[in-house]
Amino acid sequence: MNVMNHAPGSRKGPGAGATVPRKAPTTTVDIWRDCQLAGADAIAYVLPMTARYLLENAYGDYRLAVSHGIEDMARMAALSAYAGHVEPQSVTFSAWTADTAACTMVATYALLLPTGLLKAGQVPGGRPALRIQGDDSDRRTTTLLDMQLLPARARMDAGHVRNRIATSACANLGQITAVRECGASVIRAVAALAGDDWPGVADRLERGEVMARDRICE
């Protein structure tokens, strides 16, 4: 049951035509409980789904054999992408081209954002910096490619996941805003509503750190 389908401030009571005041969530725990009722749009479902998609797209059948550091990076990328659908984030992910799977994960992350900038070069901050940007005709061609099964299947999959994230972010915007009113950033608000170990992921993401090896071994 989605509690957001009820009219704000009231819900149908047991009596005919009766209305009973609906208690608004007052704590993060209350908001988190309501958020779980969103089913497939729940943040607690969409974040792990997105992280698994990032790993599968980058490592394929070997996604279960990756290091804990890569798993943690996929979770941070998933959290950042979700937060980016609430408002633009300053987080940046990069990878050296020699690490093909890592590059694939970064490129996929870029496709999950509502808007963003993807860069590539041999020297960080190198100059000159050139922007590859198609005109209207090029963008129409890209749209046609994305409608086909091949050769743009990967972009179609990314578009589907991006839409899932956007739908979830829209459905849970009220809860996210409520948590932010307590002083939390978007990233920490989303993580708090997801529960489990996501608040720790948010902490590492905002510090720009992967999970420490001693924590991995616990």
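For this chain, numbers begin at 1 and follow the sequence in order.
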side-chain contact (heavy atoms from CB on, under 4.5 Å) involving [X] - partner list, sequence neighbours excluded:
X      : value
Thr177 : Leu173, Glu181
Pro48  : Arg52, Trp198
Asp99  : Ala101, Ala102
Val106 : Phe93, Ala95, Leu118

**Prompt:** So Arg75 and Asp197, side-chain contact (heavy atoms from CB on, under 4.5 Å) or not? Walk me through it.
**Reply:** CA-CA 10 Å; Arg75 289 194 292 266; Asp197 64 343; 4.2 Å; yes

**Prompt:** Does any pair with a residue in residues 107-124 pass side-chain hydrogen bond (donor to acceptor under 3.5 Å, both in side chains), and if so which ones, sequence neighbours excluded?
**Reply:**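 Residue pairs passing side-chain hydrogen bond (donor to acceptor under 3.5 Å, both in side chains), neighbours aside: Asn57-Thr108, Ser80-Tyr109.
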
**Message:** Does anything in residues 125-137 form a side-chain hydrogen bond (donor to acceptor under 3.5 Å, both in side chains)? List the pairs, not counting sequence neighbours.
**Reply:**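 Checked against side-chain hydrogen bond (donor to acceptor under 3.5 Å, both in side chains) - neighbours excluded - the pairs reaching residues 125-137 are Asp136-Arg139.
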
For residues [X] and [Y]: do they belong to one hydrophobic cluster (side chain heavy atoms under 4.5 Å, members Ile, Leu, Val, Met, Phe, Trp, Tyr)?
X      : Y      : value
Val91  : Val161 : yes
Ile176 : Leu113 : yes
Leu79  : Val66  : yes

Just to verify, what does [X] make a side chain to side chain donor-acceptor pair (under 3.5 Å) with, not counting sequence neighbours?
X      : value
Ser185 : Glu206
Glu87  : Arg180
Asn163 : none

Roughly how far apart are [X] [atom1] and [Y] [atom2], rounded to 0.5 Å?
X      : Y      : atom1 : atom2 : value
Ile165 : Ile43  : CD1   : CD1   : 11.5 Å
Glu71  : Met76  : CD    : CE    : 12.0 Å
Tyr53  : His160 : OH    : NE2   : 10.0 Å
Ile70  : Arg63  : CD1   : CZ    : 15.5 Å
Leu54  : Met49  : CG    : CE    : 10.0 Å
Leu205 : Ile187 : CG    : CD1   : 4.5 Å

**More than 12 heavy atoms from other groups under 6.0 Å of CD1 on Ile132** =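 Counting neighbours around CD1 of Ile132, 12 or fewer heavy atoms of other residues, nucleotides or ligands fall under 6.0 Å, so no.
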
Closest non-hydrogen atom pair between [X] and [Y], with its separation:
X      : Y      : result
Pro199 : Ala191 : CD-O, 3.7 Å
Ala51  : Ala78  : N-CB, 3.7 Å
Arg162 : Leu111 : NH1-O, 2.6 Å

Check whether any side-chain N or O of [X] sits under 3.5 Å from a backbone N or O of [Y] as a donor-acceptor pair, and report yes or no.
X      : Y      : answer
His85  : Leu112 : yes
Ser168 : Arg164 : no
Asn172 : Asp41  : yes
Tyr82  : Val190 : no
Arg188 : Gly183 : no

